[in-house]
Amino acid sequence: MSPSERIDVPEALARSYTRNGGEEEQAWIAGLPALVTEFLDRWELKRDGGLSSGEASLVVPVLRVDGTRAVLKLQRPREETTAALIGLRTWNGNGMVRLLDHDPVSSTMLLERLDGSRTLASVEDDDVAMRILAELLARLHSVPVPGGLRGLGDIAGDMLKEVPQAVASLTAPTDRQRLHRWASAVDELAGEPGDRMLHWDLHYDNVLAAEREPWLAIDPEPLVGDPGFDLWPALDTGWEQIAATGDALRVVRRRFDLLTEALELDRGRATGWTLGRLLQNTLWDIEDGRTTIDPSQIAVADALLER
């Protein structure tokens, strides 16, 4: 095998699976080169560039037999991957990267190739970029919901059960008060969790330039719920640059107004479900050992509640 054909798993991807992973995760990483070779052969693909990866997946640029450019995406089978496949099949390229083929056993996907070097973050005018993202969200939310996806009602219920123990883990009384307030907002809305298919993680880096359309979404983590629960990633995207402006609250409010107007959302409900995302993020942080609420989460909440 020539150096150009050799499949070396990126170090960052290997670390993400082996640092805290068990035997199954380590075995998957060890077997990844052979898995790539298997699907190159099975789908008659030819490698067409260097490998790239995220924390959970390997991406291999390829050419199909007819010369079509595509990417092979490999990740361990899990609930989120199954949901992504359901979403990709349902959206069928409507505002979303198109699924060309997939293997249900290994969760390997063949996707149309987008321009990974140009994300929506490259658009200098934040209002223009946010409107593009909002238009994509509107299209994604408009597709009839399939079966097999988790519902926001169940997720909200699970979050609320975790709150008492999580509050006890926070060291600052003000943080405890915040978490209680966010939980109360979710409790008020949990009885009407919504019925749209959500992306769950649409931010600037998950929108890529494309040939078929100017911009398309990638990496969905679909669930069924209220569109207001889909706003936080967009509000938070590029947070370091937002914070550097010294006027983060104004930027968050402007983004929130653009999104809710474009999606025709009730701003009270959208605020409540955004607080639900802040609650979810904080619960995950506490699970990872944090004892304070992240300042960016506090800033988003302040922007929406103190206006």
Side-chain angles (χ1 to χ4, degrees), residues 16-17 19-22 24-25 55-56 76-84 86-87 145 148-203 219-237 239 252 256 265 268-306:
S16 73
Y17 273 91
R19 182 174 55 243
N20 299 315
E24 290 185 6
E25 288 80 5
E55 290 188 0
R76 282 193 74 233
R78 53 197 178 102
E79 182 181 10
E80 293 85 351
T81 310
T82 300
I86 293 172
V145 174
L149 296 177
R150 289 189 70 191
L152 181 53
D154 291 339
I155 291 172
D158 290 343
M159 287 195 294
L160 293 174
K161 291 175 185 176
E162 296 177 28
V163 168
Q165 183 175 348
V167 167
S169 300
L170 295 171
T171 55
T174 52
D175 278 353
R176 297 188 196 119
Q177 292 169 5
R178 287 189 183 95
L179 208 66
H180 275 304
R181 182 173 188 180
W182 299 350
S184 294
V186 172
D187 191 38
E188 290 180 8
L189 296 171
E192 298 180 15
D195 59 0
R196 304 285 187 87
M197 186 160 64
L198 312 182
H199 183 289
W200 205 353
D201 195 28
L202 194 61
H203 49 77
D219 289 348
E221 300 179 24
L223 75 155
V224 179
D226 190 294
F229 198 67
D230 236 0
L231 303 187
W232 171 80
L235 299 176
D236 182 77
T237 191
W239 187 260
V252 171
F256 181 80
L265 301 183
R269 289 183 61 83
T271 295
W273 280 122
T274 300
L275 296 180
R277 286 300 292 267
L278 303 182
L279 174 64
Q280 184 178 60
N281 296 338
T282 301
L283 292 173
W284 286 336
D285 285 345
I286 292 171
E287 189 176 315
D288 289 338
R290 287 196 62 153
T291 58
T292 59
I293 296 179
D294 188 280
S296 69
Q297 309 294 301
I298 294 172
V300 171
D302 289 349
L304 301 184
L305 293 172
E306 299 177 7

- Could you give the distance from CG (Leu179) to CD (Gln297), rounded to the nearest 0.5 Å? 11.0 Å
- Asp288 side, atom CG; Leu283 side, atom CG - distance, nearest 0.5 Å: 11.0 Å
- Item | Separation between OG1 of Thr237 and CG of Asp201, rounded to the nearest 0.5 Å | 9.5 Å
- Query: Short question: side chain of Glu188, backbone of Ala185 - any donor-acceptor pair under 3.5 Å?
  - Reply: no
- Query: Counting N and O atoms only, with roles assigned by atom type, does the side chain of Asp187 sit under 3.5 Å from a partner on the main chain of Ala183, one being a donor and the other an acceptor?
  - Reply: no
- Residues Pro222 and Ala83: closest non-hydrogen pair is CG-O, 3.4 Å
- Test item: Leu231 and Trp273 side chains (from C-beta on) under 4.5 Å apart, heavy atoms: no
- Message: Rounded at 0.5 Å granularity, tell me how far CG in Asp226 sits from CG in Leu265.
- Response: 7.0 Å
- Is the closest side-chain heavy-atom distance between His203 and Asp236 below 4.5 Å? no
- Note on the structure: Distance col, row Trp239:CH2 vs Asp294:CG, nearest 0.5 angstrom, shows 9.0 Å
- Message: Could you tell me if the side chain of Gln280 sits less than 4.5 Å from the side chain of Trp232, heavy atoms only?
- Response: no
- Message: Under the rule for salt bridge (Lys or Arg N to Asp or Glu O under 4.0 Å), what residues qualify as partners of Glu221, not counting sequence neighbours?
- Response: none
- Check whether any side-chain heavy atom of Val300 sits under 4.5 Å from a side-chain heavy atom of Phe256, and report yes or no. no
- Separation between CG (Asp230) and CG (Leu223), nearest 0.5 Å, reads 7.5 Å
- In terms of heavy-atom contacts, Gly225 and Leu198 come closest through O-CD2, 3.7 Å
Hey, can you pull the donor-acceptor pairs under 3.5 Å for the side chains in residues 152-173, sequence neighbours left out?
unit_1	atom_1	unit_2	atom_2	d
Ser169	OG	Gln165	O	3.3
Thr171	OG1	Thr291	O	3.4

- Apply side chain to side chain contact (heavy atoms under 4.5 Å, CB included) to the pair Thr282 and Asp175, showing each step before the final yes or no. CA-CA 10 Å; Thr282 301; Asp175 278 353; over 6 Å; no
- Kindly assign one of parallel, tilted or perpendicular to the pair Trp200 and Phe229, based on the angle between their ring planes and the thresholds 30° and 60°. tilted
- Query: Do you know which two heavy atoms are closest between Pro295 and Arg290, and how far apart they sit?
  - Reply: CD-NH2, 4.4 Å
- Message: Quick check: closest heavy atoms across Leu275 and Ala301, and the distance to 0.1 Å?
- Response: CD2-CB, 4.0 Å
